[in-house]
Amino acid sequence: MAADVHKKKGWEVPNGSLAPGDGQHAERSESPTPGLAQGTEPGAGQEGAMFVHTRSYEDLTSPEDGAAAARSPEERRGEPAEPTSMEQISKDFSELSTQLTGMALDLEEEMRQSKEGKLEPSPQTTHRDSVLSGKEEEDVTMDAWRMHRKHVFVLSEAGKPVYSRYGSEEALSSTMGVMMALVSFLEAEKNAIRSIHAGTALGGNGMWGLMACLAVLLPWATLAVPRGRLVAGGRGCSLAPPCSPGEPGLQVCPRPSRGTPSQADGYKVVFVRRSPLVLVAVARTRQSEQEIAHELLYIYYQILSLLTWTQLNHIFQQKQNYDLRRLLAGSERITDNLLDLMAHDPSFLMGAVRCLPLAASVRDAVSTSLQQAKAKSLVFSILLSGNQLVSLVRKKDQFLHPIDLHLLFNLISSSSSFREGEAWTPICLPKFNSSGFFHAHISYLEQEMDLCLLLVSTDREDFFTVSDCKRRFQERLRRRGVHHALQEALRTPFYSVAQVGIPDLRHFIYKSKSSGLFTSPEIEAPYVREEEKERLLGLYQYLHSRAHNSSRPLKNIYFTGPRENLLAWVTSAFELYICYSPLGTKAGAISAVNKLMKWIRKEEDRLFILTPQTY
Amino acid sequence: MAQQAMPDTSLGQMRPTYIYKVVLLGSTSVGKSSLAYRYVKNDFKESLPTVGCSFFTQTLNLEVATVRFEIWDTAGQEKYHSVCHLYYRGAHAALLVYDISNKETLNRAKLWLRDLEKEFLPDEIVIALVGNKTDLAAEREVATEEGEEFARTKDLLFMETSAKSNHQVNDIFMAIGELCDSSS
Ligand SMILES: Nc1nc2c(ncn2[C@@H]2O[C@H](COP(=O)(O)OP(=O)(O)OP(=O)(O)O)[C@@H](O)[C@H]2O)c(=O)[nH]1
Ligand SMILES: [Mg+2]
């Protein structure tokens, strides 16, 4: 059962470079310019990185899972020459901004209107006609269920429910059957993603509306509708060909017009098929299909982390209509937690890991202690606090994938059982090796301290050795006298954006691509309420999806809205998203970017892990 | 049985230390973790299902010896069954825990017993059947006599406990400790 750490196919990268480039530190500039090569940007590790290189949405675009973990060669080669000065950037922004402001305003308006619950006919939108016009009778008892912003279902290919985010799977099994029929209908190839935009007629009626749509699509499918009469009228749906080759999302129905105020809320239905499972999201969020599909993949990986891909496939090969809920019983809360986390924590969107701000000397002492408390069977030693990384030491030549680390974060944050004793549990890191289990030793260092130690071993028999590593680590921490400093740092796990000293700057996310780490201040006023925080993340999501759109990626995006302005800047070395006051000018934003980059450079050894250790 | 005798220099005399490996087995949410926590910390708090296995130790300084319990609190969820044998290998004692307010959990405990019988010879391991949650008297589904009777036919130690109200939790560990001792 021990995972084979030595042979990892997915790492045989075309360009032969497994380890992210050992940054050319000599060129670390004081004032970073956009011309920075990957590996020299602020936050880039000085002695290589800890993580496998990733690309946004890589799992969606790669045909096979195993091959996904590698750095995409085109990301290195295919980039057009970077602009080299702030003036150039400034020029780029002015060229792009007109167009994008328009787009953004459109989005902003949608957001505002959907929030207020009404929508004036907007002249500048040129959406095509509604595909479906029908009247469905509302099933009032389902109202609460429909109110949720994102439903997530997992089902087996045989149509058996596996997971439902809200409500019992039992009640939904008829719906599942219909979804299955749709999935097989839409399916051109395995492991594909399909999405449907369902607006107007569907919007008001959620699932039942969806089923109506499906009824039109699938006249032969049997619809079992417990309550409420469905009238799926209109002109019927037509299937459109895939938008463009290589584009994972396929819009089945064109987005309907948004003429009627009460029907403003559109649903997006996104399917991801990863044999033997099918994952479906019915979302009212403004995320792109790619983003929603990306989240569904996280759910898939989460299931793999409990069972392994091998076991999952074996089960369904033995028995096609196996009820997987039996095996997953008790893990629903882990999946629930993951979905909640993804709605709040930008880590998932960025595909990167956030570090606990910590003085470099303290972090180095922690890392060295961790490095010295090694054992033969250990592959990764990870110290984390909340969902932030404190230190990570890895076996030489072994790289962790950010997705795997996110899954570990989620596992730990969704279970209080690790608070007591020492846990020793089989765990699959699906991006590292989806066919085997590692054994993880999980424990908190101290009762009242939010500091969790994870020691990942290849040997399930090695509990006592690994447990002793923990003891030795703690011993060393004490002897190095960093315990107190660590405790201090834990008291302020987030920093304030005010530290940057840019008055109009409200928030930002900065990711160093070569290290796979990102930094971001605490979300502060005016984003106080949960909805406001989610709205901000929604704006970042929007910019991120625009920046990574597979058919037309954008490198600079300037977004103006009534409540805030945002700016996104994506280069081959880093990604930066800033949010600032709506009163700020674009010129102001650009100089803010300059200043912010300098600040990040100055603080990089506190905000990032620049010298990751290995054993 | 496997135990280690070590000199305790502080007392200037040989005082043996006995290490007993105890494994807790049973369906999910019968209260295995709660029993372990009650025994080790003398406290009760709401807990979430165990992931994999939790390891606790409890050291008793008795007059004649030091006894160290190494407690392996396994996860009752089905997906972990395939790894459970890892945890009970080499155990000196096993607590088969069921929930007196849930009949099905007793049946499940009986299945665990069969697994143990495959792995161990009768004199290799001390096995106790433990009916937990006696504080839920109103919801009782398994009569005391039923558990008692089954334990007698299988020659198991038997006790009913409540981790919540601290009923006989210490007692059951003391009882297995004594049996481990006498069978060694
Ligand atoms: N009333 C009552 N509740 C108890 C008692 N012991 C445990 N519980 C409750 O039963 C639930 C499950 O307890 P756990 O100790 O987590 O159960 P477990 O056997 O460890 O479950 P797994 O780790 O999933 O195998 C929790 O809500 C406990 O609070 C008890 O003696 N009386
Ligand atoms: Mg437990």
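To find a chain, count down the sequence lines: A is the first, B the second, and so on, and within it residues start at 1.
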Chi angles and distances behind the salt bridge (charged side-chain N to carboxylate O under 4.0 Å, His left out) call for A/R326, A/D323: CA-CA 6 Å; A/R326 254 184 58 193; A/D323 188 351; over 6 Å; no
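- Looking only at distances, no side-chain donor or acceptor of B/D135 sits under 3.5 Å from a matching main-chain atom of B/K164.
- Side-chain atoms of B/S47 and A/E420 form no donor-acceptor pair, as typed in the model, at a separation below 3.5 Å.
- Contact annotation for A/E461: only side-chain heavy atoms (C-beta onward) come within less than 4.5 Å of a heavy atom of chain B.
- For a residue to count as touching a neighbouring chain, one of its non-hydrogen atoms must lie under 4.5 Å from one of that chain's; by this rule A/R333 touches chain B with the side chain only.
- For A/S331, the parts lying near chain B are the backbone and the side chain together; criterion is any non-hydrogen pair under 4.5 Å.
- Checked by atom type, the side-chain pair B/Y39/B/N166 shows no donor-acceptor distance below 3.5 Å.
- In terms of non-hydrogen atom pairs under 4.5 Å with chain B, the most contact-rich of A/L328, A/L307, A/L327, A/L411 is A/L327.
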